[in-house]
There are 2 protein chains.
Amino acid sequence: MSVTIKDVARKAGVAPSTVSRVIHGNPKISEETQERVRQAMGVLGYHPNAAARSLARGRSYTLGLMIPNSEDDLFVKPFFIMAMRGLSIEAQRRGYNIMFSFSSGEEEEVSLLKRFVRTNVVDGVILMTSRRDDKCMAFLEEKNCPYVVIGRPESRFLHALWVDNDNVRAMYNLVAYFLKAGRRRIAFLGGPADFSVTRDRLRGYRDALKAHGVERDDSLVFLAPGFQERDGYALAGKILSGAMADAIAAADDFLALGMASYMEERGTILPIAGFNNTMKGSVIRPRLTSVDIQPELLGTRAAELLIGHLEGEDSLPPYSIVETILMERESTDPDFLSGNS
Amino acid sequence: MSVTIKDVARKAGVAPSTVSRVIHGNPKISEETQERVRQAMGVLGYHPNAAARSLARGRSYTLGLMIPNSEDDLFVKPFFIMAMRGLSIEAQRRGYNIMFSFSSGEEEEVSLLKRFVRTNVVDGVILMTSRRDDKCMAFLEEKNCPYVVIGRPESRFLHALWVDNDNVRAMYNLVAYFLKAGRRRIAFLGGPADFSVTRDRLRGYRDALKAHGVERDDSLVFLAPGFQERDGYALAGKILSGAMADAIAAADDFLALGMASYMEERGTILPIAGFNNTMKGSVIRPRLTSVDIQPELLGTRAAELLIGHLEGEDSLPPYSIVETILMERESTDPDFLSGNS
DNA sequence: TTGTAAGCGTTATCAC
DNA sequence: GTGATAACGCTTACAA
């Protein structure tokens, strides 16, 4: 059907192996034959067959991506698609393809992974979330299949590569930012405690207070049952009535937005900031200060790490920390909030 | 390295070809040998190598998915990820994998496609958008590579399979819904005219008026330069001042939401509805009536169509129309709007 | 009903 | 430097 390496060889008057060498830039091929082979490839429009190549090399140059069918509304957040973009672009750059698969729960996720790994369709796997007691990681460890996780894996997964933000530090910085602005009673508004992001960010909050000599007051700490706007809204009353807060550090933009809309209804004005640099936060008034976790860069780094590992670049560390960026906007701008803008 | 068909054959005391036959359910293998082979496969943990299979069969059982790097904010909308979910689940069901690739513009898109197609990594291609004068489709047509498009392709692409909503009809129904509620001066709020969705929905709007004997009045038609909330907001003043509208049919939820927030600021109350059944529309007050275009189902149908075609199910039509669903909510509920709720 | 053997298109190991 | 040639693991006529 399509043109093969033999066709090229014939046309160029060389052996197939020589063509293969030219393709792979083998240095001991004379300039002259190289040129001849290139010509032939060009004329015939040759492109090596991927399946044959995989079979011969024992590598597929393909990565498998599991996309969790999140119970939450994670789908409406652009995190996944952004991370995928980073993954895809980096993979392309390094000559890898990415196969994706949606699961409907951890159970199916593992069985999909099995197909990927056992049939050798993928050289390595990318997991978009790190669960506690993760079955996928357990399987991949057992199979000795290289993988990278977005999020920090449990320490027992010895071969896990991973990328993550430093959530402790990110929240530390946000709180330090408030402290620098003279705030002292900063409320923490987080999601459910069984998410490691929540715990890490709470820790960063406490570390920051401590480091700046502000006494810890747990009546300023609020954990919502979810990450939605309504969750923030629902807690807002409690926060405003009891806590005497003078600033709000939320662990998520939607929590912050829910809180903000409550404050707007009540005419309360407090500096507030969130996480994830969401579109909505950036268009609403006052525009919401937010910590950008750089999802696309997380994807890029994940691909870098996994591919580097597959290519045997051994000196690579097993993880990569992606910096967060504090996007300062009106919601923490004293001038704006006081109407002097 | 891993266990091959030969290992199974040896263990079961048969020829590799027999194992292959068992795998493919060839009917003329005795129950007895079938059982023996199954045993052997189970014990050894055999799983056929995908590359070898592809090579031998001349098919990869893989689909290529191009994700356009949209200039617009299409990324923050869940459309893509939803459609991908439908695609993925249906493909899995039928034994296909999906490879995806992000492009940064049409130029690169074509070159990525070329890699996919020429190296035989994919049996067919899925395009997430239909552009005017689409270079990807032109290439796929030329290469005679099966493909499916989400959105209606230009008629010159003779081999295009496609799935789409009936946008004319969807808007027709929405307008009819307003008419039935006694509205007569219904404003149309659409996006840029060079999008076929805009044109189709405008057509549906006009058809509906005509069919119900309402005279056409183009001073009620407004086209925004984009699909964002601010675009709706920006046009809102004009719509309210000049047009004397008694209802707003918007071609997008975000346009509708922009308009709605303007109305709220002014204390104006008009029934309004949008398209795409966005999360935000469904949580805001009044909750926004919206036409759900069923992105996941669009994906499912696209996969069905393409795979059906690849499998030679010849009686299949070349396209599939996905029904839209009118999600009636408070924003078009007279009782709610008048405060009698 | 089952076995034999020739591909499928590359790569890699020898020779020369 | 380059050419034979044997894998790679599976499928599929063609025999038996």
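Just so it is clear: chains get the letters A, B, ... in the order the sequence lines come, proteins before strands, and each one is counted from 1.
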For nucleotides 12-16 of chain D, which of its nitrogen or oxygen atoms have a protein nitrogen or oxygen under 3.5 Å away, and what is each distance?
from	atom 1	to	atom 2	distance (Å)
dA13(D)	N6	Arg21(B)	NH2	3.0

Applying side-chain hydrogen bond (donor to acceptor under 3.5 Å, both in side chains) to Glu141(B) and not counting sequence neighbours gives Tyr147(B), His159(B)
Is the distance from OP1 or OP2 of dC10(D) to the nearest side-chain N or O of Tyr46(B) less than 4.0 Å? yes
If you count every heavy atom of other residues, nucleotides or ligands that lies below 6.0 Å from Tyr319(A) atom OH, does the total exceed 12? no
With the side chain defined as heavy atoms from C-beta on, Arg53(B) is closest, among dT11(D), dA4(D), dG9(D), to dT11(D)
Salt bridge (Lys or Arg N to Asp or Glu O under 4.0 Å) filter on Arg10(B), not counting sequence neighbours, yields Asp7(B)
Among dC8(C), dT2(C), dT2(D), the one nearest any side-chain atom of Leu55(B) is dC8(C)
side-chain hydrogen bond (donor to acceptor under 3.5 Å, both in side chains) filter on Glu304(B), not counting sequence neighbours, yields none
Between Asn165(B) and Glu323(B) the two heavy atoms that sit nearest each other are ND2-O, 4.2 Å
Rounded to whole Å, CG of Asn26(B) lies from P of dC10(D) at a distance of 17 Å
Taken to the nearest whole Å, CG/Leu44(B) to P/dG9(D) is 14 Å
From NZ of Lys28(A) across to P of dT13(C) the rounded distance in Å is 12 Å
Whole-Å distance, Arg36(B) CZ to dG3(C) C1', equals 13 Å
Here the distance between atom C1' of dC10(D) and atom CG of Asn120(A), to the nearest Å, is 13 Å
Q.
Regarding Val14(A), tell me which of base, sugar-phosphate or nothing describes its non-hydrogen contacts under 4.0 Å with the strands shown.
A. sugar-phosphate
Regarding Thr33(B), tell me which of base, sugar-phosphate or nothing describes its non-hydrogen contacts under 4.0 Å with the strands shown. sugar-phosphate
Quick note, Thr4(A) side chain, CB onward, closest among dG9(C), dC10(D), dG1(D) is dG9(C)
On DNA chain C, more 5' by nearest nucleotide between Val19(A) and Ala52(B) is Ala52(B)
Asp123(B) CG to dC8(C) C1', in whole Å, measures 15 Å
Met41(B) CE to dC10(D) C1', in whole Å, measures 14 Å
So the side chain to side chain donor-acceptor pair (under 3.5 Å) pairs with at least one residue in residues 41-56 of chain A (sequence neighbours excluded) are His47(A)-Arg118(B)
Let me have the donor-acceptor pairs involving side chains of residues 12-25 of chain B, under 3.5 Å, with sequence neighbours excluded, atom names and distances please.
from	atom 1	to	atom 2	distance (Å)
His24(B)	ND1	Ser20(B)	O	2.8
His24(B)	NE2	Arg57(B)	NH1	3.2

note: Glu31(B), atom CD; dT1(C), atom P; distance rounded to Å ~ 10 Å
